[in-house]
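In what follows, chains carry the letters A, B, and so on, assigned in the order in which the sequence lines appear, proteins first and then strands, with residues in each chain numbered from 1.
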There are 2 protein chains.
Amino acid sequence: MTKLSEDDLAAVSSLRAAVMRLSRRLRHQRVDESLSPTEMSVLGTLARCGSATPGELARKEHVQPPSMTRIVAMLEGKGLVRRDPHPEDRRQVVVSQTEQAEAMLAESRRKRNVWLAQLAEGLTDEEWATLREAAPVLEKLAHL
Amino acid sequence: MTKLSEDDLAAVSSLRAAVMRLSRRLRHQRVDESLSPTEMSVLGTLARCGSATPGELARKEHVQPPSMTRIVAMLEGKGLVRRDPHPEDRRQVVVSQTEQAEAMLAESRRKRNVWLAQLAEGLTDEEWATLREAAPVLEKLAHL
DNA sequence: GGCTTTCGTTAGCGTAGGTAATGAGATAGT
DNA sequence: ACTATCTCATTACCTACGCTAACGAAAGCC
């Protein structure tokens with residue numbers, strides 16, 4: 001980035017508002033009834049990375065450690081995640097997903113498909129393409 | 001939209017996660033300390049539309065009426081908003097922004113400029129252009 | 001071998017949303 | 001015209017999900 005135009009300013013305003021509104025909708029129009037968006041996100045991260053300690057997960061999700069503890073406890077209670085002692089460092093814990101989580105993610109992907117189909121009706125191909133392009137940039141922005 | 005590819009599915013997944021993470025950051029890295037993101041959003045809507053009833057605002061922000069009542073009360077308490085009786089329908093209330101809100105929005109825009117400058121360092125011009133393009137589409141998506 | 005640091009966790013709090021119930025005013029039915 | 005229903009805003013209460021502070025156990029460092 002080199003320069004900030006007035007348009008940029010307007011864009012960031014509208015981006016901010018849209019992200020907040022959208023997040024609100026996502027939060028309670030969740031495709032899976034029993035899992036909060038953040039829990040889903042953790043499960044997704046776990047699916048990508050295999051396994052991680054609570055601390056690592058907290059950093060990745062931009063959440064404080066105590067919050068991650070509670071999220072992991074929730075997931076463990078639902079049998080979606082396993083907590084094993086770290087082989088070398090006995091302070092740490094290794095969190096990894098269960099086969100049940102794998103199945104749930106597949107099912108959730110299917111449901112998301114339906115949800116997506118409804119949503120997609122309101123967007124043109126160009127708009128959709130724009131979003132596909134923007135997704136990784138938003139990821140990057142979220143991690144600053 | 002015509003068809004849903006595997007890529008679309010992956011994109012919506014990452015979009016979802018990114019929006020949630022970003023919203024979390026926005027929520028507490030707010031540029032204006034005293035106003036919540038939703039309150040800012042309401043003020044923005046009001047700036048665009050001039051004035052509206054609480055019900056209309058609730059629909060636009062995708063929030064339930066009682067929540068909007070509380071938000072408006074907050075804003076009124078801070079002198080940023082005025083509540084007048086509706087001329088024809090005495091059940092309704094007309095909410096409109098004060099001059100003070102106007103000044104605050106200008107100040108907030110200035111602060112956002114600084115925040116934006118920091119943020120922009122991490123993005124390339126192309127990425128930024130992508131976000132500018134995506135902002136209105138996200139707006140549309142947020143309104144279904 | 002004691003001091004500091006780094007984990008995960010527990011305890012308690014705050015914020016921002018939601019649902020259910022209420023009351024005043026508008027609207028429709030007969 | 002009067003009652004019944006419906007709508008709008010509001011009040012009261014509840015829940016979800018994040019935070020900070022405090023703590024105990026394990027690791028690393030003089």
Side-chain angles (χ1 to χ4, degrees), chain A residues 17 19-30 32-43 51-78 81-96 142, chain B residues 17 19-30 32-43 51-78 81-96 142:
Chain A
V19 165
M20 290 313 300
R21 275 194 279 260
L22 198 52
S23 77
R24 216 158 29 231
R25 305 204 66 185
L26 283 174
R27 187 170 296 280
H28 95 330
Q29 263 189 222
R30 49 188 70 161
D32 188 292
E33 289 303 323
S34 61
L35 247 49
S36 87
T38 309
E39 289 167 340
M40 277 302 282
S41 188
V42 168
L43 234 44
S51 62
T53 69
E56 287 168 353
L57 286 173
R59 275 188 293 277
K60 281 184 190 171
E61 299 293 327
H62 285 288
V63 156
Q64 294 304 307
S67 304
M68 191 48 71
T69 291
R70 206 146 26 79
I71 290 169
V72 168
M74 204 67 109
L75 291 174
E76 192 185 20
K78 285 173 183 157
V81 128
R82 205 176 35 242
R83 289 169 69 249
D84 297 309
H86 192 284
E88 292 133 29
D89 190 337
R90 272 182 296 176
R91 292 171 305 179
Q92 299 189 49
V93 169
V94 177
V95 181
S96 46
Chain B
V19 165
M20 289 314 300
R21 275 193 278 259
L22 197 53
S23 77
R24 223 169 10 242
R25 305 204 68 185
L26 283 174
R27 185 169 297 280
H28 95 331
Q29 262 188 222
R30 48 186 71 158
D32 188 291
E33 289 303 322
S34 62
L35 246 50
S36 86
T38 310
E39 288 168 341
M40 277 302 283
S41 187
V42 168
L43 232 46
S51 61
T53 68
E56 287 168 353
L57 286 173
R59 276 188 293 277
K60 280 184 189 170
E61 299 292 328
H62 287 287
V63 156
Q64 294 303 307
S67 304
M68 190 48 70
T69 291
R70 207 149 18 82
I71 290 168
V72 168
M74 203 67 108
L75 290 174
E76 193 185 20
K78 287 172 182 157
V81 128
R82 206 176 33 243
R83 290 169 66 251
D84 297 308
H86 192 285
E88 293 133 27
D89 189 338
R90 272 181 297 175
R91 293 170 304 177
Q92 300 190 50
V93 169
V94 177
V95 181
S96 45

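In this structure A:Met74 satisfies the side-chain contact (heavy atoms from CB on, under 4.5 Å) test together with A:Glu39, A:Lys78, sequence neighbours excluded. Applying the side chain to side chain donor-acceptor pair (under 3.5 Å) criterion to A:Ser96, with sequence neighbours excluded, gives A:Arg82. With sequence neighbours excluded, no residue satisfies salt bridge (Lys or Arg N to Asp or Glu O under 4.0 Å) with A:Glu56. By the side chain to side chain donor-acceptor pair (under 3.5 Å) test, A:Ser23 is found to be paired with no residue, residues two or more places apart in sequence or in another chain being considered.
Put simply, CD on A:Gln92 is 13 Å from C1' on D:dA25, counting in whole angstrom units. Counting to the nearest Å, the C1' atom of D:dT7 and the NE2 atom of B:His86 are 13 Å from each other. When rounded to the nearest whole Å, the span between CD of A:Glu39 and C1' of D:dC17 equals 10 Å. Note: CE (B:Met74) to C1' (C:dA16) measures 9 Å, nearest angstrom. Rounded to whole angstrom, the span from the CG atom of B:Leu35 across to the C1' atom of C:dT15 amounts to 14 Å. Atoms CE (B:Met68) and P (C:dA16) sit 13 Å apart, rounded to a whole Å. In this structure, CE of A:Met40 is placed 17 Å from C1' of D:dC17, rounded to the nearest angstrom.
Between A:Val95 and A:Val42 the shortest side-chain heavy-atom distance does not fall below 4.5 Å.
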| query | Quick one: what's the B/S/- string for nucleotides 18-29 of chain C, heavy-atom cutoff under 4.0 Å, read 5' to 3'? | reply | BBB---BBS---
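Note on A:Thr38: every side-chain N or O is 4.0 Å or more away from OP1 and OP2 of D:dC17. Distances shown here put a side-chain N or O of B:Thr53 below 4.0 Å from the OP1 or OP2 atom of D:dA9.
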For residues 62-71 of chain B, which side-chain N or O atoms pair as donor and acceptor with protein atoms under 3.5 Å away, sequence neighbours left out?
{"from": "B:His62", "atom 1": "NE2", "to": "B:Ala142", "atom 2": "O", "distance (Å)": "3.0"}
{"from": "B:Thr69", "atom 1": "OG1", "to": "B:Pro65", "atom 2": "O", "distance (Å)": "3.3"}

